[in-house]
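Just below is one structure, and these are the notes that go with it.
What's counted below: heavy atoms across the whole structure, side chains too, no hydrogens, waters or symmetry copies. Every value quoted in this text rests on a predicted model; they were computed, and no experiment measured them. Read the numbers this way: they start at 1 and go in the same order the structure lists the ligands and their atoms.
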Amino acid sequence: MCGIVGYIGPQPAAPLLLRGLEKLEYRGYDSAGLAVREDDKLRVIKTVGRLQDLRDILEHTAAPRGTLGIGHTRWATHGRPSDENAHPHTDCSGRIAVVHNGIIENYKELREWLVEDGHTFKSETDTETVAHLIESFYEGDLVAAVRKTIKRLEGSYALGVIHLDEPEVLVAARQDSPLIVGLGEGENFLASDIPAVLEHTRKVYILDDGEVARLTADKVEIIDATGSPVDKDVFEVAWDPVMAEKGGYDHFMIKEIYEQPKAVRDTLKGRVAEGRVVLDDVDLDSETAKKIKKIYITAAGTAYHAGLVGKYVIEKLARIPVEVDLSSEFRYRDLMIDEDCLTVVISQSGETADTLASLREAKRRGSRILAITNVVGSSVSRETHDVIYTWAGPEIAVASTKAYLTQLVSLYLLALYLAQERGTIDQGQLKAYLDSLQELPQGIQAVLDSEQTIAELAQEFKEKEDIFFIGRGLDYAVAMEGSLKLKEISYIHAEAYAAGELKHGTLALIVEGVPVFALATQTRLRDKMVSNMKEVKARDATIITVANRGDESIKEASDRVIYIPETEELFRPVLAVVPLQLFAYHAALARGCDVDKPRNLAKSVTVE
Ligand code: F6R
């Protein structure tokens with residue numbers, strides 16, 4: 001996720017901006033830059049790569065001395081990571097500079113309109129449209145031009161803007177993307193997140209949606225969407241700087257678990273319009289979609305578990321046979337892949353060595369490749385034919401949570417898109433599915449609200465050395481993810497089993513007091529599942545069931561029940577996995593494990 005900083009005051013801005021950006025590094029980024037006013041020009045210095053690369057450039061080119069500036073670390077969305085696409089972006093005259101977090105959804109129309117109006121673009125980004133719009137509206141008042149600009153924007157934004165003609169002013173605006181103003185003595189700061197200003201001040205204004213702020217060295221004025229002044233309360237930050245990087249959470253993992261409603265919302269944003277699925281970066285027209293004879297899905301770990309859900313859903317909705325393979329196996333198989341196949345590659349990082357090798361192997365055999373990845377500019381995103389980006393933002397904890405949920409949502413979108421193009425579902429069904437997809441963020445939030453109960457459960461079972469997860473159909477895929485989450489961060493031995501398979505061997509391990517998570521959300525398989533739970537119960541195991549709200553009678557076969565809100569059956573994995581993520585987190589915490597950095601594991605597995 002991108003980071004924004006801004007400074008206005010008596011000190012040289014560049015070192016302060018760099019320091020602020022350093023404090024936001026934990027969010028992940030692929031390029032960095034700053035714009036500082038110096039005498040009668042704006043110095044814009046930006047580069048792909050790390051902050052150290054930016055520092056190196058500054059050292060070799062004499063750092064700007066000005067005391068007004070904005071800085072940015074970019075997590076690429078529109079346009080690959082490159083020097084040109086790095087922020088700040090400027091207008092045609094080079095007198096206005098803009099940094100932006102978020103996504104301008106209508107940037108294509110705006111860009112076309114601006115180009116017709118004679119503006120020249122230097123980057124592929126959505127952000128550059130903002131700089132040119134401000135230029136076109138500017139009549140001597142930067143706040144007024146920014147206000148006119150944001151009225152034209154659709155999507156989300158946190159903006160920092162400076163103009164050479166107003167050397168004493170820094171303007172900020174926010175809609176659906178966080179932005180704060182740090183209040184200093186004779187100086188003021190702008191940032192997308194509190195850690196960037198904590199070294200200088202603990203007093204901040206937290207901007208609300210629709211607000212525009214005008215910062216000078218001595219004053220901060222805020223107006224709302226109607227132009228009326230806003231009298232804001234000063235927020236006194238109590239966290240220590242390390243906690244602040246985690247937004248007040250104890251660990252990145254729990255922060256990321258709580259970011260899931262937003263991550264899902266962002267992944268859906270702009271992809272559902274007028275009752276249809278719109279996939280901008282996917283070039284599969286109806287004819288090509290109709291010709292697909294078989295789909296191969298390949299991925300590793302959690303992404304593989306998402307693939308298992310994908311198989312079920314694509315087969316059901318789009319009526320195409322799907323095979324799912326671990327990428328470490330797929331790459332060495334004698335694959336029967338050709339140009340009539342579609343290979344779907346899922347990877348959060350886009351850099352997993354086996355997954356990348358699988359992509360290349362499938363491509364070599366003539367298959368079209370569609371990638372689902374979280375990292376723009378990653379190797380997978382560069383080598384694929386089509387891509388669906390998961391807009392989860394950077395995932396820092398080793399254990400994947402929000403990436404998994406957004407992978408599921410991307411697979412749902414893909415399945416519905418294929419079904420729509422192949423005509424395997426009608427308009428009414430499509431609309432019903434899309435409506436329930438859009439309700440998922442509320443459902444996830446409702447499950448998150450039960451964290452305390454799950455934390456207590458984790459306390460109770462923290463000494464156990466074996467925990468089982470069972471389910472049927474989609475619940476089996478969720479069981480696999482729940483089991484992986486638990487073992488990787490709590491080091492409790494966990495295994496997932498297809499519930500119907502227990503009596504073919506594993507039942508021998510089910511003895512008194514062994515905890516068994518029973519996933520029972522699939523209506524069609526519910527009664528079969530209850531029979532399997534009874535087999536387990538008969539061996540005196542302790543059953544913790546994840547079931548649909550309203551299924552009261554399931555209590556008879558369970559020792560505990562965690563309910564998830566009602567949603568479309570195919571989408572239940574999105575809700576059912578959340579209690580398992582929370583359980584894994586709290587069990588690891590209770591056992592004193594290093595939750596964010598489990599032993600022997602790395603976030604990005606770039607070796608075979
Ligand atoms: C588990 C986890 C891993 C990854 C796997 C693939 O919590 O994060 O199992 O899912 O290493 O990584 P990506 O998706 O980056 O290819």
Among all protein heavy atoms in this structure, tell me which lies nearest to [atom], with the distance rounded to 0.1 Å.
atom: atom 4 (C) of ligand 1; value: Thr302 N, 4.0 Å
atom: atom 11 (O) of ligand 1; value: Val605 CG2, 4.1 Å
atom: atom 16 (O) of ligand 1; value: Thr352 OG1, 2.4 Å
atom: atom 14 (O) of ligand 1; value: Gln348 N, 2.6 Å
atom: atom 5 (C) of ligand 1; value: Ala300 O, 3.6 Å

Is the distance from the ring center of [X] to that of [Y] below 6.0 Å?
X: His251; Y: Tyr585; result: yes
X: His305; Y: Tyr404; result: no
X: Tyr497; Y: Phe469; result: no
X: Tyr249; Y: Tyr258; result: yes

Please list, in number order, the atoms of ligand 1 under 4.0 Å from a heavy atom of [X].
X: Ser349; answer: 13 (P), 15 (O), 16 (O)
X: Ala303; answer: 10 (O), 14 (O)
X: Ala399; answer: 7 (O)
X: Glu488; answer: 1 (C), 7 (O)

Could you see which bit of Glu351 sits under 4.0 Å from ligand 1, with heavy atoms only: side chain, backbone, both or neither? neither
Report yes if Gln407 has an N/O atom closer than 3.5 Å to an N/O atom of ligand 1; otherwise report no. no
Quick check: does Thr355 get an N/O under 3.5 Å from an N/O on ligand 1? no
Shortest non-hydrogen contact from Ile320 toward Ile295: CG2-CG1, 3.8 Å
For Ala479 and Gly471, work out which heavy atoms get closest and say how close. CB-N, 4.4 Å
Between the side chains of Lys402 and Glu259, is the shortest nitrogen-to-carboxylate-oxygen separation below 4.0 Å, so that they form an ion pair? yes
Would Val398 count as a contact residue for ligand 1, given that I'm defining contact as a non-hydrogen atom of the residue lying under 4.0 Å from a ligand atom? yes
Min heavy-atom dist Glu395 to ligand 1 below 4.0 Å: no
Would you mind finding which of Ala306, Ala403, Ser400 brings a heavy atom closest to atom 8 (O) of ligand 1? Ser400
How many angstroms lie between CD in Gln459 and CD1 in Ile454, if you round to the nearest 0.5 Å? 14.0 Å
Can you establish whether the number of heavy atoms outside Arg365 located under 6.0 Å from its atom CZ is more than 12? yes
A quick test of your reading: do over 12 heavy atoms of other residues, nucleotides or ligands sit less than 6.0 Å from NZ of Lys363? yes
